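One structure is given below, encoded as structure tokens.
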Amino acid sequence: MPELPEVETMVRGLRPALTGRAVDRIELHDPTMLLGCTAAEFAARGVGVRVAGVGRRGKWVVVELTDDRGMIVIQPRMTGGFWLVEPPRPEHVRLTFRLANPEASVWFCDARRLGRILWFDGPDAAAAAFARAHGPDALAIARDDLAARLKRTRRAVKPTLMDQKVLAGIGNIYADEILFEARLHPLKVAADLTPREVDRLHAAIVPILSKAIAAEGSSFDAGYRTVLGLEGGFLAVNSMYGRAGQPCKGCGAPVEKTKIAGLIGRPTYLCPKCQPLRRPGARPKKG
DNA sequence: CGGTTACCCTGGATGC
DNA sequence: TGCATCCAGGGTAACC
């Protein structure tokens, strides 16, 4: 579930609750989600630490500790999320921060256990791991950098946008919203986008993600919630995701739900009128 | 190497 | 009601 706006919302919720706080211990309840060290090592390290700050790297949550104790990285993936209030499904708690002075808890829950938890010794190790897995952050990428990265691949533009090594933070929901805002068909070949199309795509990214952050992300069903258990409001004001059959906000034609190559089974929402695969005036080649 | 596909997990919704 | 099937915001490893 969590894409950049949801993770940013989590981080903004965690930051005031965790920054500067002493942590009696960090309890890992599901060792299978831990990468890079053993559960015993994790337990030993998680005693008597203090939080220096909380940050976001792409879709990763980074909890930085004081006194050279390194940083804990939590990847929520599909169903992970943090709770400052009692989580509604305690059996899904995978990690607990036990705070001291005054006592409190911060929980990380993940129903499907697809999330991952790592502990890095220091900023250099964490930065190296981040760089291996990510391109520039979607909120910060420059237009020409995006253009150069799109030029490198003949994949479709949607899976390219969702490739964290191209740019970090965009997932299935926001890819559809951004492509609609830019009036681009998700199957257009990334390298074939014209300079004007790249302009439109780049110009759509920050406004869509910012609007979603302002709405505290996207919630549906029993999925993502804020750290206070509230639903994010973006899907009440969005254009595409979850709106199959509803009138397109650009032209009124029904929004189409489909599956596209390069994205396994994930749904894609688009307006075939506003996001044509070929330019409306273009004639098919003869021959 | 670039691109595509299986698979990791589980809960909730849907259909019979 | 009960059971089978399908679906889901992500990411990696293996494959062609």
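Quick caveat, the model's predicted, so the values are computed rather than measured. What's counted below: heavy atoms across the whole structure, side chains too, no hydrogens, waters or symmetry copies. Order of the sequence lines sets the chain letters (A, B, ...), proteins ahead of strands, with each chain counted from 1.
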**Prompt:** R112(A) has a side chain; which of dG12(B), dA8(C), dG9(C) sits nearest to it?
**Reply:** dA8(C)
**Item:** Residue R113(A), side-chain atoms from C-beta onward, closest of dG11(C), dA8(C), dC9(B)
**Value:** dC9(B)
**Request:** Using the P atoms only, state how far dG12(B) lies from dG11(C), rounded to an integer number of Å.
**Result:** 23 Å
**Request:** Round to the nearest Å and state the distance from M162(A) atom CE to dT12(C) atom P.
**Result:** 13 Å
**Message:** Of the listed nucleotides (dG3(B), dG9(C), dC7(B)), which one gets closest to any side-chain atom of I264(A)?
**Reply:** dC7(B)
**Message:** For a quick check of understanding: with a heavy-atom distance under 4.0 Å over all strands, which category does S219(A) fall into, base, sugar-phosphate or nothing?
**Reply:** base
**Asked** With nearest nucleotides of DNA chain B determined for R116(A) and G262(A) from heavy-atom distances, which residue corresponds to the more 5′ nucleotide?
**Response** G262(A)
**Asked** Which whole number of Å gives the distance between the P atom of dC9(B) and that of dC3(C)?
**Response** 25 Å
**Message:** I want to verify a distance call: between dA8(C), dG9(C), dG12(B), whose nearest atom is closest to the F220(A) side chain?
**Reply:** dG9(C)
**Message:** Mind checking if P159(A) touches a base, just sugar-phosphate, or nothing, with heavy atoms under 4.0 Å?
**Reply:** nothing
**Asked** What is the distance, rounded to the nearest whole Å, between atom CZ of R89(A) and atom P of dT10(B)?
**Response** 13 Å
**Complete:** Testing dA6(B), dG9(C), dG12(B) for proximity to the side chain of A222(A), the answer is dG12(B)
**Message:** What contact category does G217(A) fall into here, base, sugar-phosphate, or nothing, at under 4.0 angstrom with non-hydrogen atoms?
**Reply:** nothing
**Request:** Of all the heavy-atom pairs spanning V62(A) and M71(A), show the shortest one and how long it is.
**Result:** CG1-CE, 3.8 Å
**Prompt:** Are the charged groups of R57(A) and D137(A) less than 4.0 angstrom apart, N to O?
**Reply:** no
**Whole angstrom value for the distance that separates P of dT12(C) from CG of L118(A)** = 10 Å
**Length of the CG-P vector between L35(A) and dT12(C), whole Å** = 10 Å
**Message:** Just N and O in the side chain of K165(A): are any of them under 4.0 Å from OP1 or OP2 of dG3(B)?
**Reply:** no
**Prompt:** Does any donor atom in the side chain of Y269(A) or Q246(A) lie under 3.5 Å from an acceptor atom in the other side chain?
**Reply:** no
**Asked** Once you round it to whole Å, what is the distance between P of dG9(C) and CD of E231(A)?
**Response** 17 Å
**Prompt:** Quick one: do R45(A) and D121(A) make a salt bridge, cutoff under 4.0 Å?
**Reply:** yes
**Prompt:** Parallel, tilted or perpendicular for F108(A) and F82(A), by the 30°/60° rule?
**Reply:** tilted
**Item:** Single hit among L161(A), T160(A), V189(A) for side-chain contact (heavy atoms from CB on, under 4.5 Å) with R155(A)
**Value:** T160(A)
**Asked** Under 4.0 Å between a side-chain N/O of Y174(A) and OP1 or OP2 of dG9(C), yes or no?
**Response** no
**Request:** Round to a whole Å and report the spacing from CZ of R225(A) to C1' of dG9(C).
**Result:** 13 Å
**Message:** Measuring to OP1 and OP2 of dC7(C), would you say a side-chain N or O of K259(A) lies under 4.0 angstrom away?
**Reply:** no
**Asked** Any side-chain N or O of T153(A) under 4.0 Å from OP1/OP2 of dG2(B)?
**Response** no
**Prompt:** Can you tell which of dG11(B), dG9(C), dG3(B) lies closest to the side chain of H92(A)?
**Reply:** dG11(B)
**Request:** Classify the ring geometry between Y174(A) and F234(A) as parallel (under 30°), tilted (30 to 60°) or perpendicular (over 60°).
**Result:** tilted
**Of the listed nucleotides dA8(C), dT4(B), dG11(C), the one nearest the side chain of R155(A)** = dT4(B)
**Message:** Let me spell it out: for each of A111(A) and D221(A), pick the nucleotide of DNA chain B with the closest heavy atom. Which residue's pick is nearer the 5' end?
**Reply:** A111(A)
**Message:** Just the rounded figure in Å: distance from P of dG11(C) to CD1 of I170(A).
**Reply:** 12 Å
**Fill in**
When both distances are under 3.5 Å in a Watson-Crick or G-U wobble arrangement, the nucleotide paired with dC7(C) is dG11(B)
**Spacing between M78(A) atom CE and dG12(B) atom P, to the nearest angstrom** = 15 Å
**Message:** Check the phosphate of dG11(C) against Q75(A), side-chain N and O only, distance under 4.0 Å to OP1 or OP2. Yes or no?
**Reply:** no
**Prompt:** Does the side chain of K59(A) get closer than 4.0 angstrom to OP1 or OP2 of dG11(C) through an N or O atom?
**Reply:** yes
